[in-house]
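What follows is one structure encoded as C-alpha cells, with my remarks underneath.
The analysis underlying the following values was restricted to heavy atoms, covering all of them including side chains, and did not include hydrogens, waters or symmetry mates. Residue numbering restarts at 1 for every chain, and letters A, B, ... go by the order of the sequence lines.
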Amino acid sequence: MNLATDRKIQWCPGCGNFGIYNALKSVLEKEIEEGSIKKENIVLVSGIGCYGYITNYYHLNSFHTIHGRVPPLLTGIKLANPSLIPIGFVGDGDAFAEGMSHTIHIARRNSNTKLILHNNSVYGLTTGQFTPTSPKGFKSRSTPYGNPENPINPITLMLVSQATFVARGFSGDIKHLQYIFEEMMKHKGFAFVEVLQPCVTFNNTYQYYKERVYKLEDTDYKPNDFNVALQKSLEWGEKIPTGIFFKNELPTYEDLVLKEKNLFYERNIPDLKDIVNEFV
Amino acid sequence: MDFSIFIGGQAGEGIKRGSMLIGKVFNRYGYHVFIMNDYGSIIRGGTDYSEIRVSTKEIHTSFNRFDYMFAFHMDVFEKYKDKAKENCFTLTLNDFPYDEVIKKADAEPFMKPSIVLGVLTFMLGIPQNFVEDVIEDDLGKNAPKNIELFRIGFEYAREKNFNNIHLIKGEKTPKPLLYGNDAIGLGAVRSGMKVYAAYPITPSSTLLEFLAKNADRLGIIALQLEDEIAAINLALGSAYAGVPSMVGTSGAGLDLMGETISLAGAVELPIVILDVQRVGPSTGAPTYTEQSDLNLALNIGHGEFPRIVLAPGDIEEAFELTAKAFQFALWYQTPVIVLSDKHISESARTTDIPFSNNYPLMIKTYDKDFDGPYHRYKITIDGISPFAPPGTPDVIVHVNSTEHTEEGYSSSLPETLVKMKEKRLLKMKTIEEDFKLMKFINVFNEGDVAVVSFGSPKGAILEAIEGFPIKFIQVVSLEPFPKEAVLEEIAHVKKIISVEQNSFGQFADLFERKIGRNIDKRVLKYDGRPFSPWELRSIFEEVLK
C-alpha cells in the first residue's frame, strides 16, 4: 500500500510539512491495510498555505478549499455521510486568523472530525509575514520592527473551547507524531493536533524545538484531567511538552443533530400532504 | 367582495400570529386571503400592523387601503389612518378598552387579536361556532382564553349594534395559507434537500425556524451556525459528500457568502443559496422589502464561473423555483441563487402549491466502463463532469479550489488555466441553451404596452393591468436572461414600462443591456413598502393616455 500520488512534492527541502505528510501517510496506510478503515471513506480537507497542497500528494479523497474555512466543511461532510472520516489540515493563519471562529466552534460542538494544525508561526506561502502564533517581537516582513501582538496558545485555546482530544507533536519526530496520529484516528469526537514545524526558509525553528521538546508519555502525566491539562498547556520556554494533553469521550455534534438519520442513504422524499394541510 | 382589515399595535401584541388566525378563518370560510406584515426591527413597542385582505377572487398582494381598522394604540392609528377607505370601520383604543379587557380576563397582550376576531365575526355574520372551531384548532392550549376574548369582542359588537352584513360562506375550497418562507422550505424538501444551514437574519430566519421545527418529520437537518460563512461552507461540505444542501440569508449575509459562492463555482459543486432581500445598503431597514440585491446576485464571487439566478414572483413560484433550483444545482454542479424578498417570504397567501409534483434530481453519474478512471473535472461535450461522492469504492475524488487538472490536482500551467476556463465556459453555454428551451418568462394579458418586471411586484402588476391593454412580461430567470423569449414578446410592443423595487433601476439596466432596447418608463419604488395595485394602476393609466 502506497498512498503517494505521482505529483512532485513542491515544498522546500527540509520543510516541516514532510514530517506531517509522512507520519500521517504511514498511519493511514497501516490502518487501510489492516482493514480498520476503508480507503474510500477517508476525506482530506486542506486550507491555504504551502501545506495546503498536501491533498495533491495523497491518493485519497480530498477537498483543497479556501483559507480558514476547513472546519465547517469537515462538519458538513461528516453530517452528510457519517461513514466518512474527515481529516482537516490547517495552518496557523487558517486556524487562528481568517478562520478563528470556526476553529473554536468546531471544538465546542465536538464535531466528530480531526484537525491537524501545521504551526510554523510564519506565513510561508506569502513569503514571510507574522501569524497569530508568532512570538511577540518576532521580526517578519510585515513586522520589520518586531511583532507587537501576543501569540495565541493553540493548546490552551482548544482546551477551553472544549475539544475532546488535544495533542501536540513535533514534525522533527516522526515516530512520536505517528503515535499521536494513531491516537487521533481512534478518538470519537473532535480531535485537535498541533504540530510544531519549522519553516526552513522564513522561520527555521528546527534546532530551537529539538532542544526543548519532551514527551508527556515519558513523565507520569495522565491526559484525563482538564485542570491539569490546562495548567500543562501553559508550559512554554526552556521545556516544551508534546504528546496528548487531554482526551475525553462525549456525545458528538453529529450524534445529537442527526438523531440516527442517515442523510446519504435515506433519499425518500417525504409526503408533504399532512404538513401542507396544517396550513389550511 | 374584496376587503382589507388592518390590525395595528405594538410588537408583542400578537399582530402577526393574530392575523394568521383571522386569515385562517376567512380561508376556511371559503375566501382568498393575503396577509402582509409590516413591523419594525424591535421586540416591544413600535407601530406594527398586519393587513388581512379577503376576497372572492384570487388576489396576489396586499391592497394598502383598509375597510376595517383595529388599533390597540393611537399612534399606530394616527400613522396609518389616511389609508382608511371611505366608510372604513374603526375600533381604536379610544373606542374600546383593549388593555382593560385583557387585564380583566387575566389574558396576555398577544391575545388582543382574538377580540378583533369577535367583532369581525359579528359584523360579517359569520357563525360563531364556526370561528370558535378554527380557534380551537389553531391555538391548541391557548384556545380557551382566546375564545373567551373572542366572545367578549362578539358581544361588544352585538351590544353596540355595529352594522351587520351577512358574508355568505364562499365557494372556494380552503387552500394552504402559507408564508413564502414556508413554501420555499417545502419546495426544497420536495426536491430532496437534506441539509439547510443558516445564521439568523431577517427576513430569512422564519425559514430556519420552520425547517428546524419540522426537521425530523421531513427527514432533514436544519442548523444554525456561527455565521453565514460557516453555514455555506458546511452546506458545501455536505454537497461534496453527495447530499443536496441549501443556505438561506438576506443581503448582508449574502455578502459574507461571496468567497464560498466563488469556491462552489470553481470546484463545481451544487449549492442552492436563498437571498430574502430587504432594504439595504448595510443594515438598512431590516424588516422592509426591496429588490436591490439583483446586481449582487448576478455578480457575487470573484472570478468567472457559471451561475443561475431565479426570482419567484409569488409564494407558489417560491415553492416551484426552489425545487427547480435543486434540479439545476445538481445537474449543472454550480451555485444557484434564489432571489426572494421580504414581501414574498414574510407574507402569507392562500396558495395552490403543487406539493405533489415530482422534481427528480438528475445527476450525471460516474460509470467506470464508460468514463474510465474517475476524474472529477473530466472534459465532456457539455462541460459537465460525472459526479461521484467520496465513499465510492475505487474512486478518488479530488476537489480543488486552486485551478486544477482533470484529475483535480493543483496546476497553474497556462494550458491548464485555458482548459478549465473553457470547460466552465462550455458549461455556461450548456446552461444557456437549456434555459432557452425552458423560456423562464411568464406572460399575462395582451396589449401594445408591455410591463416588464421580476419578483414580488408581480402581484400588484397583475391586479393593476386588469382591463387594460397591457402585456405583462415577468422575467423569472435573471441569469441566464431569457433574451430570445423576451424579444419575441416585445416584437410588436410600442412602449415598455419597467417596474422594480429599488432606486437604481437594476432590472431596467439589465433588461436594456440584454435586450438592446430602451425602457420607455422606469417605475421605481424604494420606500420599503410593497407596491399597491391602485398605485401602479394610476401610473399605467397615465402611460396609456
Need one label for [X]: side chain, backbone, both or neither, based on atoms under 4.5 Å from any heavy atom in chain A.
{"X": "Asn214(B)", "answer": "side chain"}
{"X": "Val134(B)", "answer": "neither"}
{"X": "Asp227(B)", "answer": "side chain"}
{"X": "Thr392(B)", "answer": "backbone"}
{"X": "Ser262(B)", "answer": "neither"}
{"X": "Leu361(B)", "answer": "neither"}
{"X": "Val195(B)", "answer": "side chain"}
{"X": "Tyr240(B)", "answer": "side chain"}
{"X": "Arg28(B)", "answer": "side chain"}
{"X": "Asp182(B)", "answer": "side chain"}
{"X": "Asn400(B)", "answer": "both"}
{"X": "Ala230(B)", "answer": "both"}
{"X": "Phe319(B)", "answer": "side chain"}
{"X": "Tyr374(B)", "answer": "neither"}

Heavy-atom check, side chain of [X] versus side chain of [Y], under 4.5 Å:
{"X": "Ile269(A)", "Y": "Arg190(B)", "value": "yes"}
{"X": "Val280(A)", "Y": "Lys175(B)", "value": "no"}
{"X": "Leu269(B)", "Y": "Phe63(A)", "value": "yes"}
{"X": "Tyr253(A)", "Y": "Leu223(B)", "value": "yes"}

Tell me, side chain or backbone of [X] under 4.5 Å from chain B's heavy atoms, or both, or neither?
{"X": "Val257(A)", "answer": "both"}
{"X": "Lys39(A)", "answer": "side chain"}
{"X": "Tyr53(A)", "answer": "side chain"}
{"X": "Ile275(A)", "answer": "both"}
{"X": "Leu79(A)", "answer": "side chain"}

Nearest 0.5 Å please: distance from the [atom1] atom of [X] over to the [atom2] atom of [Y].
{"X": "Phe279(A)", "Y": "Leu178(B)", "atom1": "CZ", "atom2": "CG", "answer": "5.5 Å"}
{"X": "His404(B)", "Y": "Asn56(A)", "atom1": "NE2", "atom2": "CG", "answer": "11.5 Å"}
{"X": "Ile396(B)", "Y": "Leu60(A)", "atom1": "CD1", "atom2": "CG", "answer": "5.5 Å"}
{"X": "Leu234(B)", "Y": "Leu74(A)", "atom1": "CG", "atom2": "CG", "answer": "10.0 Å"}
{"X": "Tyr57(A)", "Y": "Ser410(B)", "atom1": "OH", "atom2": "OG", "answer": "7.5 Å"}

Can you name the one residue among Leu263(B), Val399(B), Thr402(B) that meets side chain to side chain contact (heavy atoms under 4.5 Å, CB included) with Thr65(A)? Leu263(B)
salt_bridge([X], [Y]) N-O dist < 4.0 Å:
{"X": "Glu278(A)", "Y": "Lys24(B)", "answer": "no"}
{"X": "Arg109(A)", "Y": "Glu226(B)", "answer": "yes"}
{"X": "Arg217(B)", "Y": "Asp274(A)", "answer": "no"}
{"X": "Glu259(B)", "Y": "Arg69(A)", "answer": "yes"}

For the pair Lys259(A) and Asp216(B), evaluate side chain to side chain contact (heavy atoms under 4.5 Å, CB included) and give the outcome as yes or no after the intermediate values. CA-CA 9 Å; Lys259(A) 293 182 266 186; Asp216(B) 289 345; 3.0 Å; yes
Option in [options] with maximal non-hydrogen atom pairs under 4.5 Å from chain A:
{"options": "Ile353(B), Leu186(B), Asp137(B), Asp138(B)", "value": "Leu186(B)"}
{"options": "Ser238(B), Ala241(B), Ala215(B)", "value": "Ser238(B)"}
{"options": "Ala183(B), Ala348(B), Gly391(B), Pro174(B)", "value": "Gly391(B)"}
{"options": "Ser191(B), Pro393(B), Gly219(B)", "value": "Pro393(B)"}
{"options": "Leu225(B), Ile229(B), Leu236(B), Asn27(B)", "value": "Ile229(B)"}

Exceeds 12 heavy-atom contacts within 6.0 angstrom, atom [atom1] of [X]:
{"X": "Lys169(B)", "atom1": "NZ", "result": "yes"}
{"X": "Glu33(A)", "atom1": "CD", "result": "yes"}
{"X": "Tyr199(B)", "atom1": "OH", "result": "no"}

With side chain to side chain contact (heavy atoms under 4.5 Å, CB included) as the test, would you mind laying out the steps for Lys261(A) and Ile221(B) before giving the verdict? CA-CA 9 Å; Lys261(A) 279 179 213 138; Ile221(B) 55 173; 4.1 Å; yes
Find the one option among Val276(A), Thr75(A), Ile48(A) whose heavy-atom pairs under 4.5 Å with chain B are most numerous. Val276(A)
Heavy-atom nearest pair, Leu272(A) first then Val189(B), reads CD2-CG1, 4.1 Å
So, does Asn61(A) use its side chain to make a donor-acceptor pair with the main chain of Pro390(B) at under 3.5 Å? no
For Ser401(B) and His64(A), does a side-chain donor sit closer than 3.5 Å to a side-chain acceptor? no
Go through the steps to decide whether Asn81(A) and Val243(B) satisfy the test side chain to side chain contact (heavy atoms under 4.5 Å, CB included), and finish with yes or no. CA-CA 8 Å; Asn81(A) 184 352; Val243(B) 168; 5.9 Å; no
Evaluate the ring planes of His59(A) and His398(B), with Trp represented by its six-membered ring, and classify them as parallel (under 30°), tilted (30 to 60°) or perpendicular (over 60°). tilted
